[in-house]
Chemist: 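Can you read through this structure? Questions will come right after.
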Amino acid sequence: MKITFEKQGDIRILPVFADELPDEISEDTREWLTKSGNFTGKLGETYADIAPGSTNLILVGLGKRNKFDYDALRTMAYKALEIVDRLNIEQANFIVPEMNELADLNALRAIFEGALQNNYKFDKYKTEDKDKEKPDLSLCMEAQWIDGKEAVLEEMENIMEGVSLARDLINEPANVLTPDKLAQIAKEKLEPLGVKVTVYDEKEIEQLGMKAFLSVAKGSSNPPRFIKMEYLPEGDDKEAIVLVGKGLTFDSGGYSLKPTKSMVEMKTDMSGSASVIGALYALAKNKGEQNVVGLVAACENLISGFAYKPGDIVESMAGLTIEVDNTDAEGRITLADALYYAATEVNSKSIVDVATLTGACIVALGHVYSGAVTNNEGLYIELKNASEATGENIWMLPSHDIFREQLKGEFGDVKNVTERGAGTITAGLFLERFVEDKPWVHLDIAGTSYLKKAEGYLPKGATGVMVKTFYEFAK
Ligand code: BES
Ligand code: ZN
Ligand code: ZN
């Protein structure tokens with residue numbers, strides 16, 4: 001889809017609030033639409049009148065005026081472009097109505113995003129039943145009355161490229177996306193944008209002292225990689241926001257093996273790393289002014305004669321010993337070293353980690369909210385504000401000292417699982433032990449990173465969640 005600001009053909013897409021059908025439509029048609037229930041302006045509802053000699057209008061519902069927000073705009077624009085696509089339309093004009101609710105640039109951003117969300121698909125492995133090639137749509141955004149729209153469009157296109165990059169990485173199967181491949185793609189995509197990407201191999205990871213990370217990695221024949229991505233527009237003497245992403249390119253559970261049904265989606269266990277890479281892409285491409293460093297400890301959690309075992313006690317870069325009660329709680333073990341590295345080896349002012357860490361988070365918050373655990377509520381609020389602006393929901397879970405006590409090891413310093421519920425919180429508080437009291441937020445995206453069914457403007461499969469929030473947060 002090519003978005004411009006010049007008129008494209010005769011078809012017009014008109015957003016309409018619920019029960020406020022516009023005068024462009026004859027009274028008879030209005031009456032018929034309302035009576036038949038074919039179009040009342042419900043959020044995302046569409047009605048196309050585009051046969052030759054017709055009004056050439058496509059109506060799209062904005063929902064109720066009193067429920068109107070940026071997310072409604074994203075959904076509305078997404079649904080409008082969905083029907084344009086379905087009808088094989090090649091040219092259309094999207095009318096941004098002149099009203100107060102739509103007068104700010106954030107509203108325009110949301111509309112652009114909703115439209116652009118239609119561009120994503122992951123069908124590279126389909127050799128049959130591929131969607132037939134569609135004409136490339138030329139879309140005019142009619143918003144002459146809004147200044148600064150060109151810059152907003154360019155910014156949003158770059159952000160959505162970052163989101164698509166994250167989705168592609170997550171949707172890519174684990175036989176293709178190994179830890180080394182993930183590192184290569186990070187290099188390929190980020191270096192041309194001025195991000196310095198350093199990739200450490202097993203030997204170098206060992207030299208860094210990341211024994212916890214390596215203990216998870218050693219069960220696989222695909223070697224681990226530690227990926228450091230530095231975007232430092234303020235110069236390397238200024239502090240950076242550090243984003244740390246869980247990078248399990250596959251999680252079988254190890255000897256605490258997952259059942260088949262839960263294992264099949266575990267190619268997505270590197271979603272956190274994909275969000276970090278996608279966010280750095282969007283920031284660098286938009287020439288963000290803030291220092292941001294991304295870190296990923298990438299590996300696979302498999303079974304072999306070299307794999308770690310339940311009951312093992314492993315060392316960590318921080319010096320703390322970890323009792324491995326369950327090899328399926330591997331993400332936190334890899335993150336322990338990555339977080340300690342963020343706190344001690346990077347000039348970091350704050351650390352945010354993002355991980356598909358616990359099934360418990362899906363139980364608590366479904367596929368709608370990402371869970372947060374923090375040692376700094378001020379930092380959490382900043383992140384929460386960014387997430388609200390982008391339509392990605394996060395919710396903070398309480399971190400009582402009782403949960404911290406439950407992590408005490410029997411023979412080692414800290415154990416990797418507890419047995420008394422609150423699995424998302426205890427996982428987060430395990431991580432807290434490795435951040436050296438730096439301001440830190442942990443985001444559990446186990447439920448939000450991947451959808452079995454498309455939902456609103458989000459596609460089936462990888463969502464790329466947190467790319468937008470991180471972009472907004474850093475900006
Ligand atoms: N990668 C999983 C968490 C997960 C579950 C992500 C479902 C996406 C969807 C993680 O490594 C894991 O297996 N966690 C265990 C922890 C448990 C052993 C304490 C879990 O949630 O069952
Ligand atoms: Zn696991
Ligand atoms: Zn995992």
Side-chain angles (χ1 to χ4, degrees), residues 169-171 174 177 179 182 212-213 215-217 219-220 224 244-275 296-303 307-312 314 322-338 353-371 373 397 403 406-407 409 414-431 442-453 461-466:
L169 288 168
I170 299 164
N171 285 326
L177 197 91
L182 180 65
F213 170 30
S215 69
V216 175
S220 171
V244 182
K246 174 172 171 181
L248 266 289
T249 58
F250 191 72
D251 177 15
S252 73
Y255 278 100
S256 312
L257 192 65
K258 284 185 184 297
T260 308
K261 272 211 170 133
S262 352
M263 205 191 292
V264 67
E265 269 179 20
M266 283 303 126
K267 66 170 186 181
T268 67
D269 212 17
M270 36 56 69
S271 297
S273 70
S275 312
V296 174
C299 69
E300 292 183 323
N301 185 22
L302 294 187
I303 286 171
Y308 77 149
K309 299 170 279 293
D312 282 3
V314 301
I322 302 167
E323 251 172 56
V324 183
D325 283 2
N326 188 318
T327 60
D328 196 13
E330 82 300 332
R332 63 197 77 179
I333 303 179
T334 63
L335 286 166
D337 283 344
D353 80 75
V354 54
T356 45
L357 209 61
T358 63
C361 195
I362 310 176
V363 177
L365 301 171
H367 298 277
V368 182
Y369 277 81
S370 301
V373 175
L397 301 168
F403 298 126
Q406 291 171 4
L407 285 161
V414 52
K415 51 184 177 189
N416 79 328
V417 292
T418 63
E419 272 134 38
R420 309 186 56 195
T424 305
I425 300 172
T426 52
L429 293 177
F430 174 94
L431 301 178
H442 157 66
L443 295 172
D444 194 329
I445 56 166
T448 49
S449 71
Y450 197 82
L451 301 174
K452 280 202 169 68
K453 270 204 272 166
T463 61
V465 73
M466 293 306 147

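Numbering starts at 1 and runs along the sequence shown. Excluded from the calculations below are hydrogen atoms, water molecules and symmetry mates; all remaining heavy atoms, backbone and side chain alike, are included. Whatever order the structure lists ligands and atoms in, that order sets their numbers, starting from 1. On a predicted model such as this, the values are computed, not experimentally measured, just so you know.
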Chemist: Would you mind reporting whether K246 and E330 have side-chain heavy atoms less than 4.5 Å apart?
Modeler: yes
Chemist: With heavy-atom distances below 4.5 Å as the criterion, would you say the side chains of M266 and S252 are in contact?
Modeler: no
Chemist: Who's touching ligand 1 if we go heavy atoms under 4.0 Å?
Modeler: K246, D251, K258, M266, D269, N326, D328, E330, R332, T356, L357, T358, G359, I362, V417, A446
Chemist: Partners of S215 by side-chain hydrogen bond (donor to acceptor under 3.5 Å, both in side chains), sequence neighbours excluded?
Modeler: none
Chemist: According to the side-chain hydrogen bond (donor to acceptor under 3.5 Å, both in side chains) rule, which pairs have a member within residues 355-367, sequence neighbours left out?
Modeler: D269-T356, T358-T424, T358-D444
Chemist: Could you point out which residue of V296, L169, L248, D251 forms a side-chain contact (heavy atoms from CB on, under 4.5 Å) with M270?
Modeler: L169
Chemist: Determine whether Y255 and I303 make a side-chain contact, defined as any pair of heavy atoms from C-beta on separated by less than 4.5 Å.
Modeler: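 SC-SC contact between Y255 and I303 confirmed.
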Chemist: Can you check whether F213 reaches P224 side chain to side chain, under 4.5 Å on heavy atoms?
Modeler: yes
Chemist: When you check the space around the Zn ion (ligand 3), which protein N, O or S atoms turn up under 2.8 Å?
Modeler: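 Correct list: K246 NZ, D251 OD2, D269 OD2, E330 OE2.
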Chemist: Below 4.5 Å, heavy atoms only, C-beta onward: do V373 and L431 meet side chain to side chain?
Modeler: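 Not touching, per the 4.5 Å side-chain cut-off.
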Chemist: How many angstroms lie between CZ in R332 and CD1 in I322, if you round to the nearest 0.5 Å?
Modeler: 10.5 Å
